[in-house]
Amino acid sequence: MDVSLAAWALTVGVLCVLVAVDFFIGRKPHDVSIKEAGIWTVVWVVLACLFGIGLLVFSGGKPAGEFFAGFITEKSLSVDNLFVFVLIMAKFAVPTQYQQRVLMVGVLLALVLRAGFIAAGAAIISTFSWVFYLFGAFLIWTAWKLVQDAKKGSHEEEYQENKLLKMAEKRFGVADRYHGTKLFIEENGKRIMTPMLVVMLAIGSTDVLFALDSIPAIYGLTEDPYIVFTANAFALMGLRQLYFLIGGLLKRLVHLSYGLSIILGFIGVKLVLHALHESGVHVPEIGIPFSLGFIVLVLAVTTFTSLRASSKQEERVS
């Protein structure tokens, strides 16, 4: 796609407006109901679908197909990320009425940081075509690691703070309790962080780590930075509502990691085939229609088998 600077500016402007509306609606700390989370989850999905239809009308089927494949993949990976968000909320004992504010700011921070990853990825790809070999190998390795982690039940482990977060806590100090939605307070003449800021940084920095596999994954479906950015934006912006909507359902998605490993492995193979093709080797390439259908099928089967296995487990327990 040949996206003009004006189109980029308009897209970013509209996304900023949507974020501002979302922030305004959720500005008052409160417990998010299933109804509220459900309504806003549908709103974000509908907005993503309308954007994809807009691409179909103005740019054709290929960009639209790439967007939907990228959006579904990023959304699926984001659902897996929610497992870790649950652990973070438990680790920092975030009061329920503040959780939506934590997620809102944390996800916004992650979106800004991901934009840097996307720009860097686009620059690397345009300069070094062989990077597709690295992306493909990394995704295949990540797929294998996901399977190993799923066998070990890694989602049940306690969240461990990363080194950057520990450095910030040591440098600024942290209050011993929450002070509403304040990020800093004065204590004994010293300005220190509140647990609210720490958990926001934890959400944002953790999502950046997840971007290490999600960004190469979507570049395996499209090389267009505009589609990569918008697919990531729409996938992330509805993440807060999705957290409250399926929070209780997460533990029942017992096969999700296996499904994601198949998807990442598939995209990894697709990237390697594309790299070989670019190098002059005559190998078949996997098209977007097949990729989109494969991703949707894997997610549908994974969800079905997960819920079936969970129901059988509950029956045995009762």
Side-chain angles (χ1 to χ4, degrees), residues 32-35 37-49 52-53 64-87 139-140 142-157 210 213-214 217-218 220-221 231-232 234-270 286-318:
V32 179
S33 66
I34 296 296
K35 180 180 179 181
I39 290 173
W40 282 104
T41 296
V42 171
V43 167
W44 284 116
V45 171
V46 169
L47 287 173
C49 290
I53 293 172
E66 291 177 350
F67 171 79
F68 281 116
F71 171 72
I72 293 171
T73 299
E74 294 298 312
K75 200 70 172 179
S76 304
L77 290 169
S78 295
V79 171
D80 194 49
N81 298 351
L82 292 181
F83 282 103
V84 180
F85 290 175
V86 169
L87 295 178
L139 289 180
I140 293 171
T142 302
W144 176 83
K145 190 173 182 299
L146 263 179
V147 173
Q148 301 305 310
D149 290 343
K151 290 179 179 179
K152 296 176 183 177
S154 61
H155 284 315
E156 300 300 322
E157 297 176 2
F210 290 138
D213 56 46
S214 65
I218 193 171
L221 298 168
N232 266 273
F234 280 108
L236 280 176
M237 287 195 298
L239 194 58
R240 175 172 65 90
Q241 291 84 359
L242 197 62
Y243 172 88
F244 296 103
L245 180 64
I246 68 173
L249 184 62
L250 286 175
K251 292 182 178 179
R252 302 190 66 189
L253 298 177
V254 294
H255 297 158
L256 179 61
S257 291
Y258 294 104
L260 292 178
S261 69
I262 293 173
I263 292 173
L264 291 178
F266 167 76
I267 297 176
V269 171
K270 184 178 184 296
I286 303 173
I288 285 297
F290 181 85
S291 298
L292 180 58
F294 180 83
I295 292 168
V296 171
L297 178 62
V298 169
L299 290 175
V301 171
T302 300
T303 302
F304 174 76
T305 58
S306 293
L307 296 178
R308 185 177 181 183
S310 296
S311 297
K312 288 183 177 180
Q313 179 64 29
E314 291 173 359
E315 289 177 2
R316 285 195 293 266
V317 171
S318 59

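Along the sequence shown, the residues carry numbers beginning at 1.
Nearest heavy atom pair, residue L260 against residue S76, reads CD2-CB, 3.7 Å. When all heavy atoms are compared, the tightest approach of F244 to A37 is CB-CB, 3.9 Å. A pairwise comparison of heavy atoms in V147 and S261 identifies CG2-OG, 3.3 Å as the closest pair. T41 and Q241 make their closest contact through OG1-CB, 3.5 Å (heavy atoms, listed as atom of the first residue, atom of the second, distance). Smallest separation of non-hydrogen atoms from L221 and S291: CD2-CB, 4.1 Å. When all heavy atoms of E74 and A231 are compared, the closest pair comes out as CB-O, 4.4 Å.
Put simply, CZ on F290 and CG on L297 are 9.0 Å apart, with the number rounded to the nearest 0.5 Å. For the atom pair CD of Q148 and OG of S257, the computed distance is 12.0 Å after rounding to the nearest 0.5 Å. Between the CD1 atom in I295 and the CZ atom in F71 there is a gap of 12.5 Å [rounded to 0.5 Å]. Considering CD1 of I72 and CZ of F67, their distance stands at 9.5 Å, rounded to 0.5 Å.
Sorted by first and then second residue, the salt bridge (charged side-chain N to carboxylate O under 4.0 Å, His left out) pairs with a member in residues 303-312 form an empty list; sequence neighbours excluded. Note on residues 290-307: no pairs pass salt bridge (charged side-chain N to carboxylate O under 4.0 Å, His left out), not counting sequence neighbours.
By the ring-ring contact (aromatic ring centres under 6.0 Å, His included) test, F234 is found to be paired with F51, residues two or more places apart in sequence or in another chain being considered. Residues satisfying the ring-ring contact (aromatic ring centres under 6.0 Å, His included) criterion with F294, sequence neighbours excluded, are F266.
L264 places a side-chain heavy atom less than 4.5 Å from the side chain of L77. No side-chain heavy atom of I218 sits under 4.5 Å from any side-chain heavy atom of T73.
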Quick one: do L242 and K75 satisfy side chain to side chain contact (heavy atoms under 4.5 Å, CB included)? Show the steps, please. CA-CA 10 Å; L242 197 62; K75 200 70 172 179; 4.1 Å; yes

Atom pairs and distances, donor-acceptor, side-chain atoms in residues 298-307, under 3.5 Å, two or more places apart:
from	atom 1	to	atom 2	distance (Å)
T302	OG1	V298	O	2.7
T303	OG1	L299	O	2.8
T305	OG1	H255	ND1	3.0
T305	OG1	V301	O	3.0
T305	OG1	T302	O	3.0
S306	OG	H255	N	2.9
S306	OG	T302	O	2.7

